[in-house]
Amino acid sequence: MTPEELSAAITTCLHDAAAAGELNVPAEALPKEVRVERPKSREHGDWATSIALQLAKPAGVPPRTIAQLLSTRLEQIDGVAKVEIAGPGFLNIILDAAAAGELAKSIVESGEAFGTNAAMAGTKINLEFVSANPTGPIHLGGTRWAAVGDSLARIFLAQGADVTREYYFNDHGNQIDKFARSLLASAKGEPAPEDGYGGEYIVDIAQAVVNAHPDILSAEDPQEEFRAHGVELMFASIRESLHEFGVDFDVYFHENSLFEDGAVEKLLEQLKGSGHMYLKDGAWWLNSTDFGDDKDRVVIKSDGNAAYIAGDIAYFKNKRDRGFDLCIYMLGADHHGYVARLKAAAAAMGDDADRVEVLIGQMVNLVKDGTPVRMSKRAGTVVTMEDLVEVVGTDAARYSLARFSSDSNIDIDLDVLTKRSNENPVFYVQYAHARTCAVGRNAEAAGVDRSAFDAGALSHATESELLAVLGQFPGVVAQAAAYREPHRVARHLEVIAGAYHRWYDACRVTPMGDEAITDVNRTRLWLNDATRQVLANGLGLLGVSAPERM
RNA sequence: GCGUGAGUAGCUCAGCAGGAUAGAGCGUCCCUCUCCUAAAGGGAAGGUCGCGGGUUCGAAUCCCGCCUCGCGCACCA
């Protein structure tokens with residue numbers, strides 16, 4: 001029995017009690033779903049709910065009275081062994097061992113599907129992340145979004161959503177011009193321009209362009225040649241890094257394509273009458289203040305050229321035209337001022353601003369010897385995705401970036417990561433998975449199989465604990481999707497790994513020496529395999545491998 | 001100044017969609033491998049949950065004020 005199933009049963013009890021007149025509460029005070037939680041202390045049962053405390057006020061009855069009448073109904077639930085009223089009115093629920101143990105079997109039978117559901121079925125989501133300018137390699141900040149974004153995509157998919165991972169490729173405008181000038185300067189053997197890029201990769205790319213096009217410096221417009229070929233090389237390099245990192249985008253959208261055929265201009269003409277744009281001082285403005293912005297933003301400059309935001313509007317329209325119900329943008333904290341603009345862009349299109357959802361993630365800092373190091377693309381002191389992967393490997397890199405809340409700044413100390421790579425929690429979880437595999441191999445060799453299942457045999461304290469945390473997995477994934485917080489999955493895997501290690505220590509699957517194989521051994525194998533399945537499913541949601549041996 | 005995120009154990013961070021005695025990893029100190037992987041487990045020590053008010057049966061969690069730190073506040077992209 002999963003907590004969701006129990007929760008649903010309790011909700012039914014509550015509504016039945018209200019319908020029977022035992023409970024006089026206004027309909028709006030009755031929760032649609034009664035939440036159960038895992039008590040911190042085992043003395044408080046397998047699951048507990050504080051619903052009686054919450055309803056005391058609206059019902060005008062002491063909480064323990066409500067608890068009393070609910071407990072008699074709760075005890076009728078199939079699989080509930082006992083209900084206790086504790087403290088001010090908590091309902092502590094004890095499941096019978098068999099009902100709890102059944103979960104092991106159902107997890108194994110569900111296989112990869114355990115933890116998935118159809119809650120988001122029919123929702124077409126465009127998830128845009130990374131979207132780093134193609135003027136250099138992906139640095140640590142982008143790497144964080146690659147890990148978190150790809151994981152979020154996997155979590156959405158597990159909830160049945162139709163997800164497109166998208167990378168917005170800014171190949172239009174100033175930054176790219178600087179990039180092209182920097183390449184040209186490098187090829188000529190000149191120092192990098194004042195406001196250009198000076199990293200080593202510039203030299204490499206410039207060299208690669210020259211190698212492929214030996215006559216390029218005598219071309220009619222060499223800077224334009226360097227722009228075209230350089231962006232292509234940079235783009236290929238970024239895609240390759242991402243691929244190595246296990247992140248493959250479904251769409252790489254080129255900003256330039258929005259401008260090429262004059263579509264942006266045409267669109268802006270139409271929007272002038274939308275009511276969200278107005279003319280002032282010779283420029284066309286978007287009323288982004290209506291969406292929480294500090295000030296309205298210029299869309300068409302007084303010189304007639306489109307401002308950057310014009311591309312955003314056209315891009316949003318493009319996404320909607322492709323049929324997306326929800327457009328999610330993952331941005332770094334240094335771009336959080338864009339939220340209102342993007343929402344206003346949707347409104348300008350006459351669309352619902354809720355179609356746009358912006359997730360803001362805090363910065364990643366590089367730390368050396370305990371002090372922060374400023375990363376600068378120009379100075380060439382950036383740590384790239386490739387650097388990180390080279391030092392710690394893809395699994396550790398992805399896991400350690402995805403296990404933190406995006407609201408927290410994180411510090412990466414390459415020295416610490418190198419020196420103590422075994423301390424990364426990813427190994428704790430992966431080791432637990434490898435251990436389940438080892439136990440499975442030994443069981444098979446000893447002749448223990450899954451030919452029998454006696455749910456009541458899983459009665460050890462570590463077994464009920466393990467079953468409980470396995471049962472929480474689907475709810476954790478659903479919450480991770482609802483709150484767009486992949487780190488919840490990682491944290492829960494650490495909890496499961498801990499529960500498994502403790503169980504392993506206390507309960508053997510394969511009998512010792514010449515002891516006979518019993519149904520207890522066979523049943524435990526189910527639990528072992530169920531744990532393996534959940535760990536593998538969870539690691540899969542994070543894009544981290546689940547090794548069979550370590 | 002305005003907006004926004006953070007402040008929880010020595011360190012790195014969960015918990016914040018109100019619940020019972022505030023957690024994990026690492027670090028420190030004790031234990032546990034003749035048989036399933038010790039990359040593990042058990043125990044100890046370690047906390048004014050930034051500060052001050054408020055809301056209520058109950059606040060790390062919600063509200064208000066303040067302090068400190070990060071990020072952002074262009075007719076740039």
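The structure presented is a predicted model; accordingly, all values stated were derived computationally and were not measured. Sequence lines set the chain letters: A, B, ... in the order given, protein chains first and strands last, and positions in each chain run from 1.
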Euclidean distance, atom [atom1] of residue [X] to atom [atom2] of [N] [Å, nearest integer]:
X: E465(A); N: rG23(B); atom1: CD; atom2: P; value: 13 Å
X: L53(A); N: rG19(B); atom1: CG; atom2: P; value: 12 Å
X: Q362(A); N: rC13(B); atom1: CD; atom2: P; value: 12 Å
X: D334(A); N: rG72(B); atom1: CG; atom2: P; value: 6 Å
X: R491(A); N: rC26(B); atom1: CZ; atom2: C1'; value: 12 Å
X: K178(A); N: rC76(B); atom1: NZ; atom2: C1'; value: 8 Å
X: E37(A); N: rU61(B); atom1: CD; atom2: C1'; value: 13 Å
X: R403(A); N: rU12(B); atom1: CZ; atom2: C1'; value: 8 Å

Would you say R491(A)'s side chain and R403(A)'s backbone share a donor-acceptor pair under 3.5 angstrom?
yes
Relative to the 5' end of RNA chain B, which residue comes earlier, R508(A) or A497(A), by the nucleotide with the nearest heavy atom?
R508(A)
Would you kindly compare S302(A) and S50(A) by the position of their nearest RNA chain B nucleotide and give the one closer to the 5′ end?
S50(A)
Looking only at the side chain of E485(A) (C-beta and beyond, no hydrogens), which of the listed nucleotides rG70(B), rG15(B), rU37(B) gets closest?
rG15(B)
For RNA chain B, which residues in residues 285-299 of chain A have a heavy atom at a distance below 4.0 Å?
W285(A), D294(A), K295(A), R297(A), V298(A)
Please work out the stems of RNA chain B from pairs that are Watson-Crick or G-U wobble with both distances under 3.5 Å, keeping only runs of three or more consecutive pairs.
B:1-7 with B:67-73, B:10-13 with B:23-26, B:28-32 with B:40-44, B:50-54 with B:62-66
Syn or anti for rC33(B), with syn set at within 90° of 0?
syn
Categorize [X] for me: base, sugar-phosphate, or nothing, with a 4.0 angstrom heavy-atom threshold over every strand shown.
X: N305(A); result: nothing
X: A48(A); result: base
X: E43(A); result: base
X: A446(A); result: nothing

Flag yes if more than 12 heavy atoms outside E224(A) fall under 6.0 Å of its CD atom; otherwise flag no.
yes
Between [X] and [Y], does any side-chain donor sit less than 3.5 Å from a side-chain acceptor?
X: Y168(A); Y: D312(A); value: no
X: D411(A); Y: N365(A); value: yes
X: N521(A); Y: T518(A); value: yes
X: D407(A); Y: Q362(A); value: no

Start with the C-alpha distance between R441(A) and E444(A), add both sets of side-chain angles, then the distance that settles salt bridge (charged side-chain N to carboxylate O under 4.0 Å, His left out), and finish with yes or no.
CA-CA 5 Å; R441(A) 287 190 296 269; E444(A) 190 184 355; over 6 Å; no
Can you label the angle between the F259(A) ring and the H172(A) ring as parallel, tilted or perpendicular, going by 30° and 60°?
parallel
Would you please classify the geometry between the W285(A) ring and the Y278(A) ring as parallel, tilted or perpendicular, with 30° and 60° separating the classes?
parallel
To the nearest 0.5 Å, what is the distance between CG on N92(A) and CD1 on I94(A)?
7.0 Å
With a 4.0 Å cutoff (strictly under), does any side-chain N or O of K57(A) reach OP1 or OP2 of rU56(B)?
no
Is Y504(A) side chain donor-acceptor paired with the rU37(B) base, going by distance under 3.5 Å alone?
no
